[in-house]
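Right, one structure below, let's go through it.
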Number of protein chains: 2
Amino acid sequence: MNTKEKIISEALKIYNRDGIRTVTTRQIAQEMGISAGNLHYHFKHTEDIIFHIFQLLEAGYEKMILLPEKRGVSFQQLLDGFIQGSYVLIDKYRFIFENFVEICNWIPRIAESYRRLVEQREGQLVSLFMYYADGGMFRSEIPLLNLKRFVRQLFIVSDFWSSSYAVLGRQQGIDPFEDYRQTIHTAFYPYLL
Amino acid sequence: MNTKEKIISEALKIYNRDGIRTVTTRQIAQEMGISAGNLHYHFKHTEDIIFHIFQLLEAGYEKMILLPEKRGVSFQQLLDGFIQGSYVLIDKYRFIFENFVEICNWIPRIAESYRRLVEQREGQLVSLFMYYADGGMFRSEIPLLNLKRFVRQLFIVSDFWSSSYAVLGRQQGIDPFEDYRQTIHTAFYPYLL
DNA sequence: ACAAATTTAGAACAATTGTTCTAAATTTGT
DNA sequence: ACAAATTTAGAACAATTGTTCTAAATTTGT
């Protein structure tokens with residue numbers, strides 16, 4: 001692992017632990033035992049560090065979405081796979097989810113990338129639901145518009161569960177994965193057959 | 001309106017416009033034409049300004065929840081009233097919703113207040129749903145646990161719709177209230193009779 | 001009307017921040 | 001082995017920040 005990768009890995013760790021408000025590049029450099037000058041030799045601006053981390057998250061999503069190419073699995077199995085895969089990313093890149101609006105305002109490239117990602121995922125999910133509706137595993141009488149709105153709602157729940165959990169759940173010691181799984185299941189419940 | 005109220009009103013305006021990352025107390029003072037020293041005479045710490053604004057939001061919720069004491073209205077009417085009332089607050093105190101995790105980590109008093117508020121709203125909503133289930137306007141075969149999970153899901157959608165809209169909707173010129181209304185309706189849809 | 005309390009502006013402070021610059025140390029390619 | 005390229009540490013810079021201090025201005029109560 002070279003210095004650049006070490007910076008990313010340490011920054012991710014510290015941002016997840018402390019949030020982005022109070023963390024400085026100097027602190028990141030100090031905690032990993034290099035000079036601030038050296039850190040800024042590898043990443044000229046703080047934004048570059050965060051953007052780099054965001055790209056890792058995006059790559060993670062890309063990889064996860066490609067996984068279930070093997071059709072034929074039951075909808076339940078597919079859903080559980082998505083839930084598991086999403087959770088791993090939400091947990092790993094927690095600070096991005098928890099500070100998403102601020103990060104998007106601060107680094108517009110990230111907002112643009114996210115919009116593209118959502119549009120892409122939206123299409124994939126809608127066509128997937130329609131496929132499983134034909135197979136009798138998903139309610140089929142739902143108009144396309146309603147299906148799209150359901151997907152939008154799903155994104156809100158999935159992308160901001162982490163924010164809600166940070167404020168409500170973490171202190172109460174609720175198991176995060178189990179809480180996420182149930183939250184997503186609750187959203188799907190009325191649509192499954 | 002005395003200086004203290006002017007500071008609150010100006011701070012709210014500026015935070016909603018620019019977010020909390022880049023806004024300074026000096027900027028707030030300058031934009032409203034008073035000295036930074038004067039601002040800090042009224043609010044010793046920046047946190048005090050934000051906490052004060054949060055308390056206004058809380059008071060707004062309190063007021064909204066008390067409104068529909070007149071039972072007997074149809075569930076649809078009640079729901080529309082809640083949607084309207086919630087939206088006004090979400091819009092007015094936008095920056096709090098959009099930076100909620102960060103604000104809660106920064107000012108723990110706010111997190112604690114929010115947790116109490118959620119618990120209170122949770123109980124009220126569950127008993128309300130059960131009341132309307134008896135009246136035949138809400139699905140009645142749902143176990144209590146599932147009802148509670150549905151309410152949790154509802155809070156995520158309602159409290160973080162604003163964050164999602166900030167990143168996805170605002171640029172596309174979608175009407176915010178209409179978008180919020182449909183999002184909440186989509187969540188309720190499968191539970192209505 | 002006038003003493004006391006409150007409010008205000010502006011200077012000052014102390015700490016911090018992201019980033020750049022420079023020179024030394026280290027690594028790489030041949 | 002040695003020149004060139006890369007990496008590193010640490011000083012330095014310039015700007016900013018929240019907050020405090022002081023003295024003047026204004027308001028309030030009697």
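Just so we're on the same page: letters track the sequence lines, and every chain starts at 1.
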key: DNA chain D-proximal residues of residues 38-47 of chain B, any heavy atom under 4.0 Å   = B:His40, B:Lys44, B:His45, B:Thr46

request  = Output the residues of residues 10-35 of chain B in contact with DNA chain D, where contact means a heavy atom of the residue under 4.0 Å from an atom of the strand; sort by number or write none.
outcome  = B:Thr24, B:Thr25, B:Arg26

ask   = Are A:Ile34 and A:Met1 connected in a single hydrophobic cluster, I mean Ile/Leu/Val/Met/Phe/Trp/Tyr linked by side-chain heavy atoms less than 4.5 Å apart?
value = no

task = Please list, in 5' to 3' order, the outermost nucleotides of DNA chain D lying under 4.0 Å from any heavy atom of chain B.
result = D:dT17 to D:dT20

Salt bridge (charged side-chain N to carboxylate O under 4.0 Å, His left out) with [X]: which residues, sequence neighbours excluded?
| X | answer |
| --- | --- |
| A:Arg170 | A:Glu98 |
| A:Lys148 | none |
| B:Glu47 | none |
| A:Glu10 | A:Lys13 |

task = Would you verify whether the NZ or CZ of A:Arg181 falls within 45 degrees of the ring axis of A:Tyr87 while also being under 6.0 Å from that six-membered ring's centre?
result = no

key: side chain to side chain contact (heavy atoms under 4.5 Å, CB included) partners for A:Thr24, two or more places apart   = A:Arg26, A:Gln27

key: Residue pair A:Ser113 / A:Glu58: nearest heavy atoms and the distance that separates them   = CB-OE2, 3.2 Å

ask   = Can you pull the salt bridge (charged side-chain N to carboxylate O under 4.0 Å, His left out) pairs that have at least one residue in residues 130-140 of chain B, sequence neighbours excluded?
value = B:Arg139-B:Glu141

Show me, pair by pair, the donor-acceptor contacts under 3.5 angstrom made by side chains of residues 156-163 of chain B, not counting sequence neighbours?
from	atom 1	to	atom 2	distance (Å)
B:Ser158	OG	B:Tyr180	OH	2.9
B:Asp159	OD2	B:Tyr114	OH	2.6
B:Asp159	OD2	B:Arg121	NH2	3.3
B:Trp161	NE1	B:Asp179	OD2	2.8
B:Ser163	OG	B:Phe97	O	3.4

inquiry  = In terms of relative ring orientation, are B:Phe138 and B:Phe150 parallel, tilted or perpendicular, with 30° and 60° separating the classes?
reply    = tilted

Could you list the donor-acceptor pairs under 3.5 angstrom formed between side-chain atoms of residues 73-83 of chain B and any protein atom two or more places apart in sequence or on another chain?
from	atom 1	to	atom 2	distance (Å)
B:Ser74	OG	B:Gln77	N	3.1
B:Ser74	OG	B:Gln77	OE1	3.4
B:Gln77	OE1	B:Ser74	N	3.1

query = Taking five pairs at each end, how big is the angle between the two axes of the helix from C:dA1-D:dT30 to C:dT30-D:dA1, to 10°?
reply = 30°

